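Contents: one structure, followed by commentary.
A note on names: the letters A, B, ... follow the listed sequences, proteins ahead of strands, and every chain is numbered from 1. Only a predicted model underlies this, so the values are computations on that prediction, with no experimental measurement involved.
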Amino acid sequence: MKRSHTCGALTSEHVGQAVTLCGWVDTVRDHGGILFIDLRDRYGMTQVVCDPDDSAAAAEVAKSTRPEFVIQVKGTVRARPADMVNARIATGGIELVGESVTILNTSKTPPFPLDEDKAAKVHEELRMESRYLDLRRASVQRGLILRHKMAIAVRKFMDEQEFIEVETPILTKSTPEGARDYLVPNRVTPGTFYALPQAPQQYKQLLMVGGMDRYFQLARCFRDEDLRADRQPEFTQIDVEMSFVDEEDLYGIIDGLLAEVMVASGHPRPELPLPRMSWHEAMDRFGSDKPDLRFGWELTSLADVFAETEFKVFANVLKSGGVIKAINCKGQAGIPIRMIDEWTVLAKSHGMGGLAYIRVQEDGTWKSPIVKFFAEAEVEALRAKLSVEPGDLVLFAAEQAKNVDPFLGKLRLEAANHAGIIPKGEFKFTWVTEFPLFEETDAGRLVSMHHPFTTPKPEDVPLLDTDPGKVRAVAYDIVLNGVELGSGSIRIHDPALQGKMFDLLKVSEEEKESRFGHLLKALAYGAPPHGGIALGFDRLALLMAGGKTIRDVIAFPKNHKGIDLMMDAPSTVDAKQLHDVHIQLDLPPEVE
RNA sequence: GGGGUCUUAGCUCAAUUGGUUAGAGCGUCGGCCUGUCACGCCGAAGGUUGCGGGUUCAAGUCCCGUAGAUCCCGCCA
């Protein structure tokens, strides 16, 4: 071994020992005679002292080092004088007296400062181009180490629960629904393609048919869609499937899993079971199927308050079957009018006529363009229902519920973010259950909200014939701090019911066969009742790490356009490679 | 596909109403310095103001186009 200890290992216990350290030069402080080197590796930082009076040769070599040189230092551990202890680093009580310094490798000057504070401000593009240097920073390493700890915790817990990790293929079959597939041309049979999996959905169900009973996988998934701060073209899911279970069993497992992940990430163990609410309740109270429960400002229905109102706008909405709802943004009366103007634009884009508001002055008077239309009793009822106090800002929306809820849900988040009231360092989980089985497209067609193998709630099965839009599914999301962490369902294992689903979804026999034939065939051979979930591992890591983008917890992430700035991928390939896989390019005219 | 923001030295930024030779801190290089820990002090080098065009006596600054980055909408069963 080239080293006896790491740069984070030495303490006062080692004083007097002869040791060898290796690492990167973090800083050199040259006093003309005596010279200090902060030596850094993954484990920490240790101060090396080179005094020409101790070893002229070592001091000479040390003098020629520069930041990011890789060196080996042999020497003796010495306690620092009491007034020279550095309390900010773990090894601050000792220093290594350099008796021999060897330069293992030199380094060019990095293109950006690796110093934590400064690096945090550098354009991400530049850091990504030289990600291997960015990775030397402790904060980046912390993210990857956290991710590792999480993965270990997941595997340990799932193993204890009798789950088997099974790898499913990366080269698989294209499924035209859902996200766009990444395609891989097949050399052997010209004109055919593999697709990279968007998720191991069908494989995991086939594993249940195969009797694996409990399956999980840290599964890499690929989706060729436009990216976001929390979305990469390739990402990792904790994929889970179980046989002979109902949703309660699944909640139990995932509750336990998330508790272990929280602990492994250095956070408090959440109280179990994790809270639950129905999809309907989430939409009604928070205007979102992924409610952020870290703050209040809930949506409140005012239909009863304004049932008899003379205010025409509200009366007309109620008459046409719409709803009137409001949120009380506590203490936000002082918000500038230009914010309200901005939100009015948002309101109109969601189909509202406008955005009504009340700003409650400190003296208790209500400043609002609409209050003058309210009856005295309505004002009082409103005050009581929304607990209106001086300093509050009340925002109204009146329209059809399907427009009001999403709008107020978005407004609630915007206003809370603007006010800066969302507490940091809190973790508020919730299950959202009983998702609708279908949603209606603009063209009036029914499509699966989750996927076509999702089972309807047994008591809602009769509605499939009469009012399919009202059917609730045994489908659920797990949500943390307003972020959808994962999504799953209990699957259909009854071929007759599955057939009915395809009829409702207007899937033709042909499509059925080409897209799901293998799965349908398998389900006919004694498929056990089963269900599962997939959790976004990168997103979970991001939330545990408290970072800003998913790129913070991925070693080599791609940018917003799916480009790996370091490798410069994707790239063109040469004609021979294209010829081998029988591909001819047909590029748009602007590409030269 | 659409919208917002950004692009000036290696890095982070500044530059008045369009007006002299585009500045600062950090970093880099050289010199000095024997207890610092973001060491200190002295000095130096370093610029096609993303790129292309236009307006003007004069453009980092105004206009048009374009490239790249980033965030959002659409999209992501």
Side-chain angles (χ1 to χ4, degrees), chain A residues 26-40 45-54 59 63 66-68 78 80-89 91-92 95 97 107-130 133 175-181 198-199 201-202 221-233 235 342 345-346 349-350 410 414 435 437-439 441-442 446-454 473 475 484 487-489 501 505 507 515-516 534 536 539 548-549 551 559-561 563 565 590:
Chain A
D26 198 73
T27 50
V28 184
R29 291 179 294 279
D30 182 352
H31 289 251
I34 197 167
L35 171 152
F36 302 92
I37 291 176
D38 286 339
L39 193 63
R40 184 195 71 226
M45 191 113 79
T46 301
Q47 174 167 283
V48 175
V49 195
C50 291
D51 190 331
D53 297 342
D54 295 335
K63 202 176 168 64
R66 294 287 177 274
E68 301 313 314
R78 179 164 77 190
R80 294 200 199 183
D83 56 337
M84 286 161 203
V85 166
N86 184 346
R88 280 177 304 169
I89 59 174
T91 62
E95 59 193 3
V97 181
S107 172
K108 291 167 69 171
T109 301
F112 60 92
L114 300 188
D115 172 68
E116 283 294 346
D117 298 337
K118 288 174 191 155
K121 292 182 188 166
V122 171
H123 279 203
E124 198 180 3
E125 179 187 6
L126 192 67
R127 293 199 282 113
M128 288 308 163
E129 279 171 6
S130 307
L133 295 179
T175 53
E177 61 170 15
R180 201 173 291 116
D181 285 319
Q198 297 172 24
Q201 181 60 39
Q202 297 195 29
C221 306
F222 307 85
R223 292 179 192 174
D224 184 9
E225 295 293 345
D226 288 340
L227 305 176
R228 289 287 186 281
D230 63 351
R231 238 194 266 162
Q232 284 273 303
F235 58 98
E342 214 171 278
V345 174
L346 186 71
S349 77
H350 280 75
K410 194 170 281 185
E414 290 253 340
F435 270 67
L437 189 59
F438 302 110
E439 59 188 336
T441 64
D442 294 337
L446 290 178
V447 296
S448 293
M449 198 140 170
H450 187 59
H451 61 58
F453 306 105
T454 304
E484 179 200 319
S487 190
S489 66
M501 284 292 294
L505 292 168
V507 178
R515 284 157 62 179
F516 310 114
R539 261 184 212 183
K548 269 198 89 161
T549 95
R551 298 184 291 271
N559 79 357
H560 175 251
K561 289 203 172 146
I563 294 168
L565 290 169
E590 66 268 24

What's A/L126 touching, base or sugar-phosphate or nothing? Going by heavy atoms closer than 4.0 Å. sugar-phosphate
Between A/V122 and A/D53, name the one whose nearest nucleotide on RNA chain B is closer to the 5' end. A/V122
Base, sugar-phosphate alone, or nothing: which one does A/M449 contact when heavy atoms must sit under 4.0 Å apart? sugar-phosphate
Short side-chain N/O contact from A/R551 to OP1 or OP2 of B/rC71, under 4.0 Å: yes
Can you tell me the distance, in whole Å, between the CD atom of A/Q47 and the P atom of B/rC39? 10 Å
Between B/rC37 (C1') and A/D51 (CG): distance, integer Å: 16 Å
Does a side-chain N-to-carboxylate-O contact under 4.0 Å join A/R29 and A/D38? yes
In whole angstroms, the gap separating C1' of B/rC32 from CD1 of A/I34 amounts to 17 Å
If the P atom of B/rA15 is compared with that of B/rU61, how far apart are they to the nearest Å? 14 Å
Assign A/T454 to base, sugar-phosphate, or nothing according to its heavy-atom contacts below 4.0 angstrom with the strands shown. nothing
Under 3.5 Å on both distances, the Watson-Crick or G-U partner of B/rA59: none
Examine the base of B/rC29 for any acceptor or donor lying under 3.5 Å from a partner atom in the side chain of A/R66, and report the outcome as yes or no. no
Is there a side-chain polar atom (N or O) of A/R228 under 4.0 Å from OP1 or OP2 of B/rU70? no
Rounded to whole angstroms, how far apart are NZ on A/K561 and P on B/rU70? 9 Å
B/rC33, OP1 or OP2 - any side-chain N/O from A/R29 closer than 4.0 Å? no
Who pairs with B/rU70 - Watson-Crick or G-U, where each distance is under 3.5 Å: B/rG4
Determine the contact category for A/R127: base if any of its heavy atoms lies under 4.0 Å from a base atom, sugar-phosphate if only primed atoms, P, OP1 or OP2 are that close, otherwise nothing. nothing
Remember a base hit wins even if backbone is also touched, and classify A/N559 as base, sugar-phosphate or nothing at under 4.0 Å, heavy atoms. sugar-phosphate
Under 3.5 Å, is there a donor-acceptor pair between the side chain of A/E225 and the main chain of A/R180? yes
Stacking here means centres under 5.5 Å and planes under 30°; does A/F112 stack on B/rC11? no
Look at A/K118 and B/rG27 and indicate whether a side-chain polar atom (N or O) is within less than 4.0 Å of OP1 or OP2. no
For A/D30, which contact category applies under a 4.0 Å heavy-atom criterion: base, sugar-phosphate, or nothing? base
Rounded to whole Å, please give me the gap between CZ in A/R88 and C1' in B/rA38. 8 Å
Taking a pair as Watson-Crick or G-U wobble with both distances under 3.5 Å, which nucleotide is matched to B/rC26? B/rG10
Separation of B/rG25 C1' from A/K121 NZ (nearest whole Å): 11 Å
Please state how far atom NE2 in A/H350 lies from atom P in B/rC73, giving the value in whole angstrom units. 10 Å
Side-chain N,O (A/S349) to OP1/OP2 (B/rC73) below 4.0 Å: no
Give one of base, sugar-phosphate or nothing for A/E95, where a contact means two heavy atoms less than 4.0 Å apart. base
A/R78 near the nucleic acid: base, sugar-phosphate alone, or nothing, with a heavy-atom cut-off under 4.0 Å? base
Rounded to whole Å, how long is the line connecting atom CD of A/E125 with atom P of B/rG10? 15 Å
Quick one: label A/Q198 by what it contacts on the DNA or RNA (base, sugar-phosphate, nothing), any heavy atom closer than 4.0 Å. nothing
Check every strand shown and say whether A/D117 touches a base, only sugar-phosphate, or nothing at a heavy-atom separation below 4.0 Å. nothing
What does A/H451 touch in the nucleic acid at a heavy-atom separation under 4.0 angstrom: a base, only the sugar-phosphate, or nothing? base
Give a yes or no on whether a donor-acceptor pair under 3.5 Å exists between the nucleobase atoms of B/rC37, that is its base, and the side chain of A/N86. yes
Would you say the base of B/rC76 and the side-chain of A/R231 have a donor-acceptor pair closer than 3.5 Å? yes
Which residue, A/S448 or A/G32, contacts RNA chain B at a nucleotide closer to its 5' end, judged by nearest heavy atom? A/G32
Would you mind classifying the nucleic acid contact of A/D226 as base, sugar-phosphate or nothing, using non-hydrogen atoms under 4.0 angstrom? base
